[in-house]
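Residue numbers begin at 1 in each chain, while the letters A, B, ... track the order of the sequences.
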Protein chains: 2
Amino acid sequence: MGRAGLTADRVTLAGAELADEAGLDHVTMSAVARRLGVKDASLYAHVRNLEDLRGRIALLAADEKTLRIAEAIAGRAGKDALVAYANAWRQYAHDHPGRYMATQIPIQIDPELVARAPGPRRAVELTYGMLRAYALAEPDLTDAVRLMRSTLHGFTSLEAAGGFAHARPAEDSWVRCLDALHTLLEHWPPRDEGDPA
Amino acid sequence: MGRAGLTADRVTLAGAELADEAGLDHVTMSAVARRLGVKDASLYAHVRNLEDLRGRIALLAADEKTLRIAEAIAGRAGKDALVAYANAWRQYAHDHPGRYMATQIPIQIDPELVARAPGPRRAVELTYGMLRAYALAEPDLTDAVRLMRSTLHGFTSLEAAGGFAHARPAEDSWVRCLDALHTLLEHWPPRDEGDPA
DNA sequence: AGATACAATCTAGGGGCATTAGGAAAAAGC
DNA sequence: GCTTTTTCCTAATGCCCCTAGATTGTATCT
C-alpha cells in the first residue's frame with residue numbers, strides 16, 4: 001500500500017469540498033477519510049478532532065473570501081469599491097456555501113491557528129480601508145463597518161437559508177440594498193441625540 | 001411506572017430548552033429523552049426524527065420571536081416602532097441563543113407543519129406593517145424589508161458568533177446602526193439608474 | 001365491572017460516527 | 001544497512017440514530 005501523503009491542509013481542503021457539495025453537517029471524520037481513501041483514524045495525525053477540522057475549514061474560508069474581496073476592490077474607490085466588495089462577498093457564499101456556513105459557527109478555534117491565519121484580520125482591515133472613502137470618523141467608522149458586515153452577512157445568510165420568498169428576485173433586492181448602503185454611508189447620521197422632530 | 005405524558009410540543013420544548021442551555025448541536029434524541037426521563041425510542045412516537053425535531057424547534061422560535069416583536073411594536077410608529085422591533089429581535093436572540101440558531105438552518109421542514117405555524121408568515125407581515133410608516137412603494141418596500149431583516153439578522157448573528165472584537169461595545173454600535181437604518185428608510189434612494197456623478 | 005381497543009412507552013438490536021491505543025510499514029537520517 | 005521518525009492501519013470503546021416488536025397503562029364499550 002502506498003502512502004496517501006496527507007497533511008493538515010489536504011484534510012482541511014477535502015473537508016471544505018465536502019462541505020460545499022453535501023452540506024457542512026455531512027463533514028464527518030468518516031466521510032472525509034472516505035473521500036481521501038484513508039481510514040478515519042488516520043486523520044487524527046493531522047487534525048486534533050472534528051471540531052478542530054471545522055475550525056480549519058472556517059479559517060480557510062475566511063482566507064479565501066478575504067483574498068477574493070481584496071482582488072475585487074483593488075484599484076477601486078467609492079461606490080465602485082463598495083459594490084465590488086459586496087459582490088465578491090456574496091459570490092463567495094454562493095460558490096462555497098459549505099465553507100461559508102463554516103465561518104458562522106460560534107468560534108472555538110485553536111488560537112495559535114487563528115494567529116497564523118491572515119484572513120479574519122485582513123478582512124476587517126479591508127473593510128475599514130474601503131469605507132475610508134466615505135470620510136467617517138471614529139467611532140462612526142467602526143459602527144459603519146459593523147453595519148456593513150452585518151448587512152452583507154445577513155443577506156447572504158438569509159438567501160442561502162431560503163429566507164426570501166420567490167416574489168421578487170433576490171438579485172434585484174441585492175442591487176437596491178447596495179444602493180441604499182452607499183447612500184447611507186454618504187449621509188451617515190450625526191451622533192447627536194436630540195434631533196428635533 | 002407511570003406515563004410521561006409526552007406530546008410533540010413537550011418534546012419540542014425540551015429540545016428548545018436544551019438548545020439554549022447547551023447549544024443547538026447538543027440537541028440529540030438521547031439528550032432530550034434523558035431530560036424528559038424517557039428512553040430515546042419513545043420520542044419517535046411524537047417526532048419523526050432528529051431533523052424533524054430541529055425543524056419544530058425552529059418553528060417554535062419563529063413563533064415566539066414574532067410574538068415578542070408584535071407586542072413590542074404595538075401602538076408605536078416611525079422610529080419608535082423600528083427601535084422596538086429591532087430590540088425585540090435582538091433580545092430574543094440573546095435570551096434564546098439555541099432556538100435562534102435553529103431558525104438559521106437551511107430549512108427542510110415538514111410543509112404541513114409550516115402551514116400550521118403562524119410565525120414566519122406573520123413576521124413578514126409585521127415588518128411590512130412597521131415599514132409602512134416610511135411610505136415606500138413596491139418594489140422598494142420589499143427591498144427595504146429585506147435589508148432590514150438582513151441587517152438585524154446579520155448583526156445578532158455576528159454578535160452571537162463573537163464576530164465583533166471587544167474594541168467598542170456591540171451595544172453602542174447597535175444603537176447607531178438603528179439610527180442609520182431609520183435615516184436610510186427616510187431617505188430611500190430613488191430607483192433611477194443614471195444618477196450623474 | 002369486565003373485556004376490548006388504542007396509544008404510549010419500553011426492550012433489543014443494527015449500523016454509523018468519534019476517538020484512543022498500540023502495531024506495522026514506509027520514509028528519512030546516520 | 002540500521003535506527004528513528006512519521007504515516008497509516010487494526011482493534012476496540014462508547015455514544016447516538018433509528019426500527020421492530022413486545023408490554024403496559026388508559027379509555028371505551030357493553
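Across the protein-nucleic acid pair, B/L36 atom CG and C/dA8 atom C1' stand 14 Å apart, rounded to whole Å. Following rounding to the nearest Å, B/K39 (NZ) and C/dT9 (P) show an atom-to-atom distance of 14 Å. In this structure, the CG atom of A/D9 is 13 Å from the P atom of D/dT7, given to the nearest Å. The distance between atom CG of B/L6 and atom P of D/dT26, rounded to the nearest whole Å, is 13 Å. The interatomic distance linking A/Y44 (OH) with C/dA18 (P) rounds to 6 Å, in whole Å. Taking atom CG of residue B/D40 and atom C1' of nucleotide C/dA8, one finds them 15 Å apart after rounding to whole Å. Nucleotide D/dC17 holds its P atom 12 Å from the CG atom of B/D25, rounded to whole Å. Summarising the geometry, the separation between CZ on B/R34 and C1' on D/dC17 is reported as 13 Å, rounded to the nearest angstrom.
Within the structure, every side-chain polar atom (N or O) of A/H46 is placed at least 4.0 Å from both OP1 and OP2 of D/dT6.
At a cut-off of 3.5 Å, with distance as the only test, a side-chain donor of A/E159 or A/H94 sits close to an acceptor on the other residue. Side chains of B/Y100 and B/S157: no donor on one and acceptor on the other come within 3.5 Å.
Taking the ring axis of A/F155 as reference, the NZ or CZ atom of B/R146 does not stay both within 45° of it and closer than 6.0 Å to the ring centre.
Contacts of B/A45 with the nucleic acid, taken as non-hydrogen atoms under 4.0 Å apart, include base atoms.
Remark: side-chain polar atoms of B/D179 are not paired, donor with acceptor, to backbone N or O of A/P189 under 3.5 angstrom.
The side chain of B/A41 lies closest to C/dT11, out of C/dT11, D/dT10, D/dC18. Counting only heavy atoms from C-beta on, B/S30 has its side chain closest to D/dC17 among D/dC17, C/dT19, C/dT9.
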